[in-house]
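Shown next, in structure tokens, is the structure this report addresses.
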2 protein chains.
Amino acid sequence: MTSKPEYQRIIDFVVSNIESGGFKAGDKIPSENELAQEFDVARMTANRAIKELVHRGVLHRVKGSGSFVSNQHYDQTLVQISSISDLVRSKGAHYAAKVMQLDTLYCDPSLAESFGLAEGSPVYFAEIVHFEDRLPIQLERRWVNASLAQGFLDQDFSTKTTTEFLMEVAPLSRVEYRIAAATPDREIKAALDLGEMEPVLRLRRKTWSFSGVVTEVDLYHPGSRFSFSGYNDFSIGDKSGFQQGR
Amino acid sequence: MTSKPEYQRIIDFVVSNIESGGFKAGDKIPSENELAQEFDVARMTANRAIKELVHRGVLHRVKGSGSFVSNQHYDQTLVQISSISDLVRSKGAHYAAKVMQLDTLYCDPSLAESFGLAEGSPVYFAEIVHFEDRLPIQLERRWVNASLAQGFLDQDFSTKTTTEFLMEVAPLSRVEYRIAAATPDREIKAALDLGEMEPVLRLRRKTWSFSGVVTEVDLYHPGSRFSFSGYNDFSIGDKSGFQQGR
DNA sequence: TAGTGGTCTAGACCACATT
DNA sequence: ATGTGGTCTAGACCACTAG
């Protein structure tokens, strides 16, 4: 019989009060000192419980003021997106990549603005098709800040992914992304072996390192064979999430 | 000059050692006691730093054994999906909903299996179109476990969302979801006022409460006007995420 | 000024790992 | 037996917020 930690009793108390409606969104919950007295524990223990719930997004705190119940999650959900090669391999399938294009471009005004570079600055461009058991599963179109990724053109991206390389030369500090459904152009349609009316699932991502924008990428996936998925567990232990293509 | 907390110095130490390659994935890092001595702080302070990095997924710990560097995230990314009415309102736009259908079905074999119910069990079905400033932005097709959501048919879902109602009667414990690009059927095309070749972005979600499957829903969005997006910050403070339609 | 959270200390006991 | 992380204590000082 492993007994629950003390802080868990406090977590349970707060959570069950929220679930029962005793504490509503915006309500102030008892202070650390009050909880510590109530549960006969040290303040640090109450602090740990509250901090855990802040981590989960259940509560938020204001210094000098108190701890408050955050807005309900409703069905807030997380999608976790990992690299395509990991994904394919984790399914036990064979992964392969084919480099279609790999060379240098010079910034047009729009690219220049996006990367925060001067017009005409060099940017590497790569187009790579990723396969899962011989079936094309992703078309990658990537632009890379040349000044932040020396040696990019010399890599063999059929054995190491662009992401793996970029992670080594420029640790990421920020990512922005967008998932959309799109109509493929002719080239995408050919590369992914798409049906006549088949849409694509597009993930567009922009990545910063400490020194600036490192890379922008469009990842196109066949709508009929690929999706982002995952799950969330609440109330029990905690959240969690994975990603899956199909 | 607000000085950094002590535990932040330890976090920085570990992170920079990982980024510089000093600590590699799988490596054991110094123990709490060693770190505490090294930085001349109490063990609890070192513990806090390490716990923070465990929360971020940078490290993992094994009781009795040590703390280890986890596999690199690469560009793991989070998408946070919130409710459509919150989303529209948070953009300052006008939100409206139109209930197209709201009645009772009886489970066919496939529905029965999904809900864990007997064939022929009653299930509520709702079809609702959500508008952002008069423009259709989401078609919701929802199936609801009748035994877990009494009063569902009596609600006015043009003023309160299905999700809000369900959250009240059956607190969620688990969510599964899948994002895909799809070709709309005729009905979806009409409801969302789609162009001829326009694909839809579909979010399919299945939600459990403690007592079983509560609801399954397909949310269809115009590919040309809607996407899921967000961002992640690393290394600085931490992660974060929002969702946005456009 | 009194209450709150943010941080920190210098101990402690325990369960578990490795040796 | 030793070292590790997991938990907990009973204080403490600080910065911030509120009355």
Side-chain angles (χ1 to χ4, degrees), chain A residues 1-15 17-18 23-71 236-238, chain B residues 1-15 17-18 23-71 236-240:
Chain A
M1 184 62 183
T2 29
S3 60
K4 279 195 295 193
E6 295 295 326
Y7 67 80
Q8 190 63 49
R9 287 170 47 216
I10 301 181
I11 290 179
D12 292 345
F13 166 77
V14 175
V15 168
N17 264 281
I18 291 174
F23 297 156
K24 294 184 192 308
D27 283 1
K28 183 167 161 180
I29 69 162
S31 73
E32 291 186 357
N33 280 315
E34 287 169 341
L35 287 171
Q37 274 190 24
E38 193 71 34
F39 286 85
D40 194 30
V41 297
R43 187 189 147 207
M44 276 296 284
T45 303
N47 176 275
R48 171 166 183 175
I50 302 301
K51 208 150 53 180
E52 180 73 30
L53 291 173
V54 170
H55 258 291
R56 293 196 203 166
V58 175
L59 303 177
H60 60 273
R61 325 190 74 181
V62 182
K63 196 198 300 193
S65 177
S67 303
F68 304 87
V69 178
S70 296
N71 290 324
I236 310 172
D238 207 10
Chain B
M1 181 62 183
T2 29
S3 59
K4 278 195 294 193
E6 295 295 327
Y7 67 80
Q8 190 63 49
R9 287 171 46 215
I10 301 182
I11 290 179
D12 293 344
F13 166 77
V14 174
V15 168
N17 265 281
I18 291 174
F23 297 156
K24 295 184 191 307
D27 283 0
K28 183 167 160 179
I29 69 161
S31 72
E32 292 186 356
N33 280 315
E34 286 169 342
L35 287 171
Q37 274 190 25
E38 193 72 34
F39 286 86
D40 194 31
V41 297
R43 187 190 146 206
M44 277 296 285
T45 304
N47 175 277
R48 171 168 184 174
I50 302 301
K51 211 152 49 183
E52 180 73 31
L53 291 173
V54 170
H55 258 293
R56 293 195 203 166
V58 175
L59 303 176
H60 59 274
R61 326 191 73 181
V62 181
K63 196 200 298 191
S65 175
S67 303
F68 304 87
V69 178
S70 296
N71 290 324
I236 309 173
D238 207 10
K239 71 280 173 166
S240 163

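Chain letters run A, B, ... following the sequence lines, proteins first and then strands; every chain starts at 1.
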Heavy-atom pair of closest approach, residues [X] and [Y]:
X	Y	value
A:I10	A:A46	CD1-CA, 3.8 Å
B:P30	B:L35	O-CD1, 3.8 Å
B:V69	B:K24	CB-O, 3.3 Å

- Message: For B:F13 and B:F23, take the angle between the two ring planes, folded into 0 to 90°, and tell me which bin it lands in: parallel under 30, tilted 30 to 60, perpendicular over 60.
- Response: perpendicular
- Who pairs with C:dC8 - Watson-Crick or G-U, where each distance is under 3.5 Å: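 Here C:dC8 is engaged in a pair, and the nucleotide opposite it is D:dG11.
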- Message: Does the structure show a Watson-Crick or G-U wobble partner for D:dG3, both distances under 3.5 Å? Name it, or say none.
- Response: C:dC16
Could you state the atom-to-atom distance from [atom1] of [X] to [atom2] of [N] in whole Å?
X	N	atom1	atom2	value
A:E34	C:dT4	CD	C1'	10 Å
B:I50	D:dG3	CD1	C1'	16 Å
B:Q37	D:dG3	CD	P	11 Å
B:E32	D:dT7	CD	P	11 Å
B:N33	D:dT4	CG	C1'	8 Å
A:H60	C:dT4	NE2	P	16 Å
B:F39	C:dT9	CZ	C1'	18 Å
A:I10	C:dG5	CD1	P	12 Å

- Task: Starting from the 5' end of DNA chain C, give me the residue, A:S67 or B:E6, whose nearest nucleotide shows up first.
- Result: A:S67
Which nucleotide in the list [options] gets nearest to the side chain of [X]?
X	options	result
B:R61	D:dT9, C:dT4, D:dG6	D:dG6
A:P5	D:dT7, C:dT7, C:dG5	D:dT7
B:S31	D:dG5, D:dT7, C:dG5	D:dG5
A:A42	C:dT7, D:dA10, C:dT9	D:dA10

- Hey, mind stepping through B:R48 and A:R48 against side-chain contact (heavy atoms from CB on, under 4.5 Å) and telling me if it holds? CA-CA 10 Å; B:R48 171 168 184 174; A:R48 171 166 183 175; over 6 Å; no
- Rounded distance [0.5 Å steps], CG in A:N47 versus CG in A:N33: 10.5 Å
- Query: Any donor and acceptor pair, going by atom type alone, linking the side chain of A:E34 with main-chain N or O of A:S31 inside 3.5 Å?
  - Reply: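 Checked: pair present.
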- Task: Have a look at A:F68 and tell me which of A:L59, A:I29, A:V62 forms a side chain to side chain contact (heavy atoms under 4.5 Å, CB included) with it.
- Result: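 Only match with A:F68 under side chain to side chain contact (heavy atoms under 4.5 Å, CB included): A:V62.
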- Message: By the definition side chain to side chain contact (heavy atoms under 4.5 Å, CB included), identify the one residue from B:I11, B:D12, B:N17 that meets it with B:V15.
- Response: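 Going through B:I11, B:D12, B:N17 one by one, the side chain to side chain contact (heavy atoms under 4.5 Å, CB included) with B:V15 is satisfied by B:I11 alone.
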Filtered N/O pairs between nucleotides 11-13 of chain C and protein, under 3.5 Å:
| residue | atom | partner | partner atom | Å |
| --- | --- | --- | --- | --- |
| C:dA12 | N6 | B:R43 | NH1 | 3.2 |

Could you list the donor-acceptor pairs under 3.5 angstrom formed between side-chain atoms of residues 36-44 of chain B and any protein atom two or more places apart in sequence or on another chain?
| residue | atom | partner | partner atom | Å |
| --- | --- | --- | --- | --- |
| B:R43 | NE | B:E32 | OE1 | 2.6 |
| B:R43 | NH2 | B:E32 | OE1 | 3.0 |

- Message: Go nucleotide by nucleotide along DNA chain D from the 5' end; which of B:G66 and A:Y7 gets its closest nucleotide reached first?
- Response: B:G66
Find every protein N or O atom lying less than 3.5 Å from an N or O atom of nucleotides 17-19 of chain D, and list the pairs.
| residue | atom | partner | partner atom | Å |
| --- | --- | --- | --- | --- |
| D:dT17 | O4' | A:G64 | O | 3.4 |

